[in-house]
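For the single chain, residues carry numbers from 1 onward in sequence order.
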Amino acid sequence: MKSTSILVSDHCLIEQVLNCLERMVGLCEYQRKLELAPARDAIAFFRGFVERCHYGKVENQLLRAMQVAGISPQACLGGSVLPRREEAGSHLDAMEAAIQPASAGDVTALNEFAEHARAYIGLVLGGIARQEDRLFPVIARTMPEGEKARLSIALDT
């Protein structure tokens with residue numbers, strides 16, 4: 001699926017950082033600590049790369065190309081992506097708010113960070129699965145070759 005290979009590469013990178021976040025959750029839950037700098041770096045990555053870069057590619061290139069080709073993204077994804085994006089943003093906000101007190105040892109903040117991190121991880125991994133298991137195969141089967149080529153070029157820029 002060359003037309004979506006850039007997005008699959010994005011997913012691999014996102015999953016690597018989600019794995020790091022998962023390790024941070026383990027430290028919060030079992031060792032009752034959170035390192036300030038790595039937690040801030042993870043949030044910065046999710047805000048910068050995932051929210052601005054990756055979601056931008058999905059919304060501005062992929063979903064538009066699908067609509068032009070007459071493919072319903074909502075049907076493939078089981079509804080609109082906007083509510084899930086807003087929920088993910090709320091979890092990021094809560095994690096970010098908890099970082100400082102959690103890194104100082106506040107147990108409530110450690111629990112909040114872990115709770116919202118787990119929810120965020122679930123949302124993002126669910127979104128990746130829906131794209132790779134539902135959306136990308138539909139594109140491969142039904143999108144005209146010319147549209148696939150245009151999409152591949154658009155996603156690569």
Side-chain angles (χ1 to χ4, degrees), residues 1-64 66 72-140 151-152 154-157:
M1 286 184 255
K2 185 173 178 5
S3 58
T4 55
S5 62
I6 295 289
L7 297 175
V8 172
S9 294
D10 285 1
H11 292 166
C12 290
L13 180 58
I14 293 165
E15 287 170 337
Q16 288 176 359
V17 182
L18 289 172
N19 287 336
C20 294
L21 182 60
E22 182 74 36
R23 284 188 217 108
M24 287 181 214
V25 168
L27 289 173
C28 287
E29 293 175 338
Y30 300 111
Q31 296 182 13
R32 293 293 182 203
K33 68 179 188 175
L34 179 68
E35 294 182 37
L36 183 68
R40 283 186 175 159
D41 290 346
I43 299 299
F45 172 82
F46 295 128
R47 291 219 190 269
F49 184 77
V50 176
E51 286 189 341
R52 291 184 193 102
C53 181
H54 181 72
Y55 288 164
K57 290 177 196 175
V58 170
E59 291 174 2
N60 298 325
Q61 306 299 333
L62 179 69
L63 299 182
R64 287 185 185 165
M66 290 179 70
S72 169
Q74 290 80 10
C76 296
L77 293 171
S80 173
V81 297
L82 188 58
R84 288 187 284 262
R85 270 196 67 189
E86 289 174 353
E87 184 179 352
S90 294
H91 289 301
L92 284 176
D93 291 344
M95 284 188 288
E96 191 168 40
I99 290 173
Q100 186 69 41
S103 67
D106 182 305
V107 174
T108 301
L110 284 162
N111 291 337
E112 290 223 357
F113 183 89
E115 175 187 334
H116 288 283
R118 285 208 184 279
Y120 182 80
I121 291 166
L123 279 171
V124 174
L125 288 177
I128 288 171
R130 278 188 296 284
Q131 286 180 21
E132 292 186 4
D133 297 343
R134 296 182 193 172
L135 199 62
F136 297 172
V138 169
I139 290 168
L151 175 60
S152 183
L155 289 171
D156 201 24
T157 58

Quick one: closest heavy-atom pair of [X] and [Y], and the distance?
X      : Y      : answer
Val25  : Ala114 : CG1-CB, 4.0 Å
Glu15  : Ile128 : OE2-CG2, 3.7 Å
Glu51  : Gly89  : OE2-CA, 3.8 Å
Leu123 : Ala88  : CD1-N, 3.7 Å
Ala154 : Gln61  : CB-OE1, 3.0 Å

Separation between [atom1] of [X] and [atom2] of [Y], rounded to the nearest 0.5 Å:
X      : Y      : atom1 : atom2 : value
Gln100 : Phe113 : CD    : CZ    : 12.5 Å
Tyr55  : Leu63  : OH    : CG    : 12.0 Å
Leu110 : Glu29  : CG    : CD    : 10.0 Å
Leu7   : Leu155 : CG    : CG    : 5.0 Å
Thr4   : Leu151 : OG1   : CG    : 7.5 Å
Met24  : Cys28  : CE    : SG    : 9.0 Å

Considering only heavy atoms from C-beta outward, does the side chain of [X] approach that of [Y] to under 4.5 Å?
X      : Y      : value
Val50  : Leu92  : no
Asp10  : Val58  : no
Val124 : Arg84  : no
Met66  : Ile139 : yes
Arg64  : Asn60  : yes
Glu112 : Ile99  : no
Phe45  : Leu18  : no
Arg130 : Leu135 : no

Intermediate values then yes/no, side-chain contact (heavy atoms from CB on, under 4.5 Å), Val107 and Asn111: CA-CA 6 Å; Val107 174; Asn111 291 337; 3.8 Å; yes
Plane angle bin for His11 and Phe136 - parallel if under 30°, tilted between 30 and 60°, otherwise perpendicular: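 Phe136 and His11: parallel rings.
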Glu22 and Arg118 ion-paired at < 4.0 Å: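 Salt bridge flag = yes for Arg118 with Glu22.
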Whether over 12 other heavy atoms sit under 6.0 Å from Glu35 CD: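 Open: at most 12 neighbouring heavy atoms sit under 6.0 Å from CD of Glu35.
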For Glu115, all residues meeting side-chain contact (heavy atoms from CB on, under 4.5 Å), sequence neighbours excluded: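 Scan of Glu115 (side-chain contact (heavy atoms from CB on, under 4.5 Å), adjacent residues dropped) gives none.
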Candidate list Ile14, Ile6, Leu13, test side-chain contact (heavy atoms from CB on, under 4.5 Å), partner His54, passing option: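 Only match with His54 under side-chain contact (heavy atoms from CB on, under 4.5 Å): Ile14.
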